[in-house]
2 protein chains.
Amino acid sequence: MPKRSSSLATQLLATLEERGHRSTSPRRAVVNAIAGQNKHFTAEQLRDQLPGVGRATIYRSLRLLVESGVLCRVLLEEGDLHYQLSHRGHHHHLLCVECGSSQDLLGCDIEDLLHTVSSAHQFQLSGHWLEVYGKCHDCMDRPAVPV
Amino acid sequence: MPKRSSSLATQLLATLEERGHRSTSPRRAVVNAIAGQNKHFTAEQLRDQLPGVGRATIYRSLRLLVESGVLCRVLLEEGDLHYQLSHRGHHHHLLCVECGSSQDLLGCDIEDLLHTVSSAHQFQLSGHWLEVYGKCHDCMDRPAVPV
DNA sequence: ATAGTTAATGATACCAAGTCTCTTTAACGG
DNA sequence: CCGTTAAAGAGACTTGGTATCATTAACTAT
Ligand SMILES: [Mn+2]
Ligand SMILES: [Mn+2]
Ligand SMILES: [Zn+2]
Ligand SMILES: [Zn+2]
């Protein structure tokens with residue numbers, strides 16, 4: 001039996017439909033899989049979970065969802081690109097390098113600071129990219145995992 | 001006749017030698033080419049300029065120079081990885097999206113701010129990645145280049 | 001100066017992460 | 001129900017890089 005769609009999945013799909021995209025069954029499979037992730041994930045992880053969906057379709061869906069603002073790209077310290085559900089609007093992440101969890105960083109003062117610094121350099125700010133790496137609260141207590 | 005080495009190139013090579021790496025002729029060619037760049041560049045650009053040097057050697061040299069702290073990686077807005085000469089130590093860049101120039105951002109308050117924000121989230125900061133995009137002073141005045 | 005040791009090179013195969021092309025399918029609007 | 005057109009999927013291709021390994025050449029010690 002097909003896994004039941006979460007309301008989150010329904011919501012993601014609705015976002016796509018509002019933007020004029022069709023509700024196809026591969027697309028529903030993709031948003032369901034995404035809704036089931038509990039932390040950031042890669043395109044390839046999604047592909048492993050959806051062997052029946054074409055590779056191009058997965059990448060196309062990810063692009064649409066990023067463009068719609070419901071997914072955001074997350075760059076890990078090693079350079080790997082992951083995705084995760086986004087709180088709409090620009091924000092950043094505190095990424096735990098230990099357990100892979102992430103916390104959103106909303107309404108911090110970075111924008112103001114960057115504006116100040118930029119104008120000091122006679123630079124007209126238009127965008128920025130920031131990722132913050134470290135250990136989350138849980139992993140701070142826990143002794144480091146032996147490799 | 002072989003292009004004369006700039007003192008910058010000599011300096012780069014010296015850094016490598018100090019770290020126990022041999023002064024080979026492909027390596028000299030690479031540091032010379034790097035010393036001749038006037039802005040950030042990609043590995044492939046370097047390759048085009050050095051058709052006689054093997055691909056692996058170019059990537060290996062870039063890695064060594066990054067590890068030595070004399071080159072830094074720069075992530076452009078579109079996701080392309082570039083390199084540029086580094087002022088040793090951690091710093092960031094103001095990248096002009098118009099002309100491709102970049103200004104180093106030293107001693108800005110970002111570290112302090114991130115520490116404040118992190119501890120507010122009970123997060124133990126260990127690193128971060130920041131790139132700032134916009135228009136440099138020159139390009140602010142100039143009307144946008146027609147595509 | 002010579003020889004020995006070992007780092008470094010480069011040819012080539014390989015790989016990861018995507019993108020492009022093109023034919024076929026199916027969603028949706030009328 | 002039909003027609004239009006978006007979307008899918010197969011598969012070739014691309015980009016940016018890494019791994020392997022036989023050969024070469026820097027440096028070191030004599
Ligand atoms: Mn986010
Ligand atoms: Mn720099
Ligand atoms: Zn953690
Ligand atoms: Zn500029």
Side-chain angles (χ1 to χ4, degrees), chain A residues 2 5 9-10 12-34 40-68 71-84, chain B residues 2 5 9-10 12-34 40-68 71-84:
Chain A
S5 296
T10 311
L12 293 177
L13 197 64
T15 305
L16 290 179
E17 293 190 82
E18 277 161 29
R19 305 193 60 160
H21 301 295
R22 295 179 180 176
S23 167
T24 68
S25 82
R27 219 163 247 174
R28 285 189 296 270
V30 171
V31 296
N32 264 300
I34 290 176
H40 48 77
F41 57 90
T42 63
E44 290 306 302
Q45 282 167 13
L46 222 49
R47 237 159 79 62
D48 291 342
Q49 291 174 35
L50 300 168
V53 177
R55 183 156 42 156
T57 299
I58 291 190
Y59 282 103
R60 286 189 281 239
S61 302
L62 287 172
R63 184 164 36 71
L64 286 182
L65 291 166
V66 169
E67 284 167 8
S68 311
L71 265 194
C72 53
R73 292 162 183 264
V74 176
L75 189 66
L76 298 204
E77 214 164 9
E78 306 75 36
D80 300 330
L81 182 63
H82 285 226
Y83 294 85
Q84 77 174 42
Chain B
S5 295
T10 310
L12 292 178
L13 197 65
T15 305
L16 290 181
E17 292 190 84
E18 278 161 29
R19 306 193 95 210
H21 302 294
R22 297 179 179 175
S23 168
T24 68
S25 82
R27 221 164 245 174
R28 284 189 296 270
V30 170
V31 295
N32 263 300
I34 289 176
H40 47 76
F41 57 90
T42 62
E44 290 306 304
Q45 283 166 13
L46 222 49
R47 238 159 78 62
D48 291 342
Q49 291 174 36
L50 301 168
V53 178
R55 183 151 53 146
T57 299
I58 292 193
Y59 281 104
R60 286 189 282 238
S61 303
L62 286 172
R63 184 165 35 71
L64 287 182
L65 291 166
V66 169
E67 283 167 9
S68 311
L71 265 194
C72 54
R73 293 161 183 265
V74 176
L75 189 66
L76 298 204
E77 213 163 8
E78 307 75 36
D80 300 329
L81 183 62
H82 285 227
Y83 295 86
Q84 76 174 41

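Treat the numbers as computed from the prediction; the structure is a model and nothing was measured. In what follows, chains carry the letters A, B, and so on, assigned in the order in which the sequence lines appear, proteins first and then strands, with residues in each chain numbered from 1.
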Without decimals, in angstroms, what is the distance between L62(A) CG and dA7(D) P?
15 Å

How many whole angstroms separate atom CD of E44(A) from atom P of dT19(C)?
11 Å

Measuring from atom CG of D48(B) to atom CZ of F41(B), what distance do you get when rounded to the nearest 0.5 angstrom?
13.0 Å

State whether the side chain of R27(A) and the backbone N or O of H21(A) hold a donor-acceptor pair below 3.5 Å, judged by distance alone.
no

Toward the 5' end of DNA chain D, which comes first, P26(B) or A56(B), by nearest nucleotide?
A56(B)

Students often get this wrong, so: under 4.0 angstrom with heavy atoms, is T42(A) touching a base, only sugar-phosphate, or nothing?
nothing

Let me know the distance between CD1 of I58(B) and P of dG10(C), rounded to the nearest Å.
9 Å

Can you tell me which nucleotide in dC27(D), dG17(D), dG16(D) comes closest to the side chain of E17(B)?
dC27(D)

Quickly work out the R28(A) CZ to dC28(C) C1' distance and round it to whole Å.
13 Å

CD1 (I34(A)) and CG (L65(A)) are apart, to the nearest 0.5 Å, by 5.0 Å

Give the nucleotide from the list dG17(D), dT21(C), dT20(D) with an atom nearest to the side chain of R60(B).
dT20(D)

Y83(B) vs R73(B) side-chain heavy atoms within contact, under 4.5 Å
yes

What is the nucleic acid contact for G79(A), judged by heavy atoms within less than 4.0 Å: base, sugar-phosphate only, or nothing?
nothing

Winner on side-chain proximity to Y59(B), out of dA8(D), dG16(D), dA17(C), is dG16(D)

Whichever of H21(B) and S25(A) has its nearest DNA chain D nucleotide further upstream toward 5'
S25(A)

Would you mind reading off the distance between R19(A) atom CZ and dC28(C) atom P, rounded to a whole angstrom?
17 Å

Picking from dA12(D), dG16(D), dA8(D), which would you name as closest to the side chain of R55(A)?
dA12(D)

What does R27(A) touch in the nucleic acid at a heavy-atom separation under 4.0 angstrom: a base, only the sugar-phosphate, or nothing?
sugar-phosphate

Please give, in whole Å, the distance from dT18(D) C1' to R47(B) CZ?
13 Å

Side-chain contact check for R22(B): nearest option of dA7(D), dA26(D), dG9(D) is dA26(D)

Checking dA6(D), dA11(C), dA8(C) against the side chain of T24(B) (C-beta onward), the nearest is dA8(C)

Keeping R47(A) on the side-chain end and I58(A) on the backbone end, is there a donor-acceptor pair under 3.5 Å?
no

Rounded distance (Å) that lies between atom C1' of dA17(C) and atom OH of Y83(A):
10 Å

For L65(A) and dA7(D), what is the distance between atoms CG and P respectively, to the nearest whole Å?
12 Å

